[in-house]
Amino acid sequence: MRSRTTAARAHHDPATRGFASDNYAGAHPEVLAALAVANGGHQVAYGEDEYTDHLQRVMHGHFGPTAKAFPVFNGTGANVVALQAMTDRWGAVICAETAHINVDEGGAPEKVGGLKLLSVPTPDGKLTPELVDRQAWGYEDEHRAMPQVVSITQNTELGTVYTPDEIRALCEHAHERGMKVHLDGARISNAAASLDVPMRTFTNTVGVDVLSYGATKNGAIFGEAVVVIDPDAVRAMKRLRKLSMQLSSKMRFVSVQLEALLAGDLWLRNARHSNAMARRLADGVRAVDGVEILHPVQANAVFARLPHDVSVRLQKRFRFYFWDEAAGDVRWMCAFDTTEDDVDAFVQALKEEMAR
C-alpha cells in the first residue's frame, strides 16, 4: 500500500534572510512541536479547552494571580479589544505619536473600537507624565473626548525601552487622574531581555492594568493575548472579543503556542538572541563611514540614516523598510532566527554599497 504524502511543497528558499521585520521569521521548532502535541483528539471549542485553561496558570506566574489571558488572533486585535474594554463610548486614549495603534493599525482602534486617539509627539517613542498632561484635560468638557486610558508600547516602536520606574511614574500619574494604563507588548519579551528583569517588574508590579502580550514576533505562528491584570479596569471582555472577530473556535492552537513560549524560558531565549543580533548589527554599522544610528539600540531594532541610493541598492540584496524615506531613515530588525553570519553578510553588503 502506497503511503500518502502532502501536496504542499516549498515555494521559497529557507536560507533567505532579511532585516525588514521579525514577523518575517518562521515559527520556532519548539512551538511547532507544541502544536503537534495539541493536535490529537477533540477539545472543546471557543476557549473551553484544557490548553487555554492551563495558560491561565502560566500567565499567573508572569503577571500575578489576578491576571487572566484572553487569546486572540493578532496584535491589532489584542489592542482594539483591550482598549474597547477599557473605555466608554465617549472615551479617548493618550498615546505617543509613533504608537502602533496610531500609525500602523489602519485606524482600527478608532474605526472598530469606536474610541478617540490623542497622540503626543515624543523624541524617543516614550511617554512621560509631562507629555501625558498635554492631552490629559477637558474631562468635563462635552465637546472633547474624555481621556480614559494611557497606552504605552514596551519596547517602543523606535526600539527604546521604558525602565520599570518610568512605567511606575506613568501609572501613578494616570491613576491619580482617573485613567487606566494599557501596555502594548508586541515585543514585551525583548524589553524584558534588555532590562534583564521578569516581565512582572514593569507590568503588574508597577501598576499596568491591561497588556497586549505579543508572541508572533518572538517565535509563534500566530496569536497574541489580552492579559487583564486588574479585572476592574475592563468590562465585557468576552463579548468584545467575539464582537471584534477575535474569538478563535480552535483556541487551543493559540493557547498552546503561548504556553510553549511562556511555560519555560523559550520566550526569553528567543528575545535575548534577537537583541544580541541587533547589538552585533549596530556595532558593525558604527564602523561604516556615512551611516548614522538614530536611536539607542536597546532591543532588536536598529534605526539608521544613510544615503537613499545606497538603501535602494542594498534592499535588492537584503529586504528592509524605509522608516522615513525623505530623510533617508531606515529600520533594520533582527529575529530569533537571525544568525551572526546573517548580520556579518549584511554589514559587508552595506560597506560595499557605501563604497560604490
Side-chain angles (χ1 to χ4, degrees), residues 63 66-120 122 127-129 131-154 156-157 167 170-186 188 203-204 206-214 224-247:
F63 302 111
T66 64
K68 184 170 183 180
F70 295 84
V72 295
F73 289 114
N74 53 45
T76 297
N79 288 335
V80 169
V81 171
L83 294 175
Q84 272 187 297
M86 299 174 77
T87 54
D88 295 309
R89 288 189 64 191
W90 51 88
V93 176
I94 299 173
C95 63
E97 194 172 62
T98 52
H100 200 272
I101 58 174
N102 189 47
V103 298
D104 285 306
E105 295 186 346
E110 295 183 320
K111 291 179 179 292
V112 178
L115 51 91
K116 173 67 175 174
L117 295 178
L118 303 173
S119 64
V120 183
T122 69
L127 289 176
T128 65
L131 289 173
V132 165
D133 281 345
R134 294 188 183 182
Q135 294 284 15
W137 54 273
Y139 293 97
E140 302 302 322
D141 184 354
E142 67 268 34
H143 301 285
R144 188 172 194 265
M146 180 186 291
Q148 293 184 319
V149 175
V150 174
S151 180
I152 62 175
T153 310
Q154 175 75 321
T156 75
E157 291 77 9
I167 297 180
L170 279 166
C171 290
E172 290 175 353
H173 193 75
H175 292 157
E176 287 170 359
R177 284 154 180 74
M179 295 185 291
K180 306 159 190 172
V181 178
H182 165 259
L183 186 147
D184 180 348
I188 189 173
T203 54
N204 53 298
V206 297
V208 170
D209 298 298
V210 179
L211 64 93
S212 301
Y213 178 82
E224 325 279 280
V226 178
V227 182
V228 177
I229 296 171
D230 179 3
D232 293 331
V234 298
R235 57 187 177 185
M237 270 296 306
K238 282 189 173 183
R239 292 186 179 277
L240 288 169
R241 179 172 56 175
K242 177 67 173 181
L243 188 65
S244 299
M245 296 171 284
Q246 289 292 319
L247 179 64

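Along the sequence shown, residues are numbered consecutively beginning with 1.
In this structure the side chain of Arg239 never reaches within 4.5 angstrom of the side chain of Leu243, judged on heavy atoms. No side-chain heavy atom of Thr156 sits under 4.5 Å from any side-chain heavy atom of Thr98. Between Leu127 and Thr122 the shortest side-chain heavy-atom distance falls below 4.5 Å. With a 4.5 Å cut-off on side-chain heavy atoms, Gln246 and Val80 do not count as touching. Gln135 is not listed as a side-chain neighbour of Pro147, based on a closest heavy-atom distance of 4.5 Å or more. Using a 4.5 Å cut-off on side-chain heavy atoms (C-beta onward), Glu142 and Trp90 make no contact. Counting only heavy atoms from C-beta outward, the side chains of Val181 and Leu170 never approach each other to under 4.5 Å. Side-chain contact between Val226 and Val210 is present, with heavy atoms from C-beta onward closer than 4.5 Å.
Looking at residues two or more places apart in sequence or on another chain, you find no side chain to side chain donor-acceptor pair (under 3.5 Å) involving Thr87. Evaluation of the side chain to side chain donor-acceptor pair (under 3.5 Å) rule for Asp133 yields His173, Arg177 as partners, not counting sequence neighbours. Residues passing the side chain to side chain contact (heavy atoms under 4.5 Å, CB included) test with Gln154 are Val161, Tyr162, Ile167, Leu183, Ala191, Leu195, Phe202, sequence neighbours excluded.
Residue Met237 comes nearest to Ala85 through the heavy atom pair SD-CB, 3.5 Å, listed as atom of the first residue, atom of the second, then distance. Contact record, Pro231 with Ile229: CD-O, 3.4 Å, taken as the closest heavy-atom pair. Taking every heavy atom of both residues into account, Gly91 and Gln148 meet most closely at CA-OE1, 3.2 Å. Between Val93 and Ser151, the shortest heavy-atom contact is CG1-CB, 3.7 Å.
Annotation for Glu140: atom CD does not count as buried by contact number, only 12 or fewer foreign heavy atoms lying within 6.0 Å.
Atom-to-atom distance recorded for Leu240:CG and Phe70:CZ is 10.0 Å, nearest 0.5 angstrom. One distance of note links CG of Leu83 with OG of Ser244; it measures 10.5 Å at 0.5 Å rounding. Atoms NE2 and OG1, on His100 and Thr76 in that order, are 5.5 Å from each other to the nearest 0.5 Å. Note that CG of Leu117 and CD1 of Ile101 are 5.0 Å apart. Values are rounded to the nearest 0.5 Å. From Asp209, atom CG reaches atom OG1 of Thr203 across 11.0 Å, with rounding to the nearest 0.5 Å. In this structure, CG on Leu115 lies 11.0 Å from CE on Met86, to the nearest 0.5 angstrom.
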*Under the side-chain contact (heavy atoms from CB on, under 4.5 Å) criterion, do Lys180 and Val234 qualify, and how do the steps go?*
CA-CA 10 Å; Lys180 306 159 190 172; Val234 298; over 6 Å; no
_Worked verdict on Arg144 versus Leu118 for side-chain contact (heavy atoms from CB on, under 4.5 Å)_ = CA-CA 11 Å; Arg144 188 172 194 265; Leu118 303 173; 3.9 Å; yes
_Steps toward salt bridge (charged side-chain N to carboxylate O under 4.0 Å, His left out) verdict (Asp88, Arg235)_ = CA-CA 10 Å; Asp88 295 309; Arg235 57 187 177 185; 2.5 Å; yes
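Here the side chain of Asn102 pairs a donor or acceptor atom with the backbone of Glu97 at under 3.5 angstrom. Remark: the backbone N or O of Ala145 is not paired with any side-chain donor or acceptor of Lys116 at under 3.5 angstrom. In terms of modelled atom types and a separation under 3.5 Å, the side chain of Glu224 and the main chain of Ser212 share no donor-acceptor contact.
In this model, no donor atom of one side chain and acceptor atom of the other lie less than 3.5 Å apart for Gln84 and Arg241.
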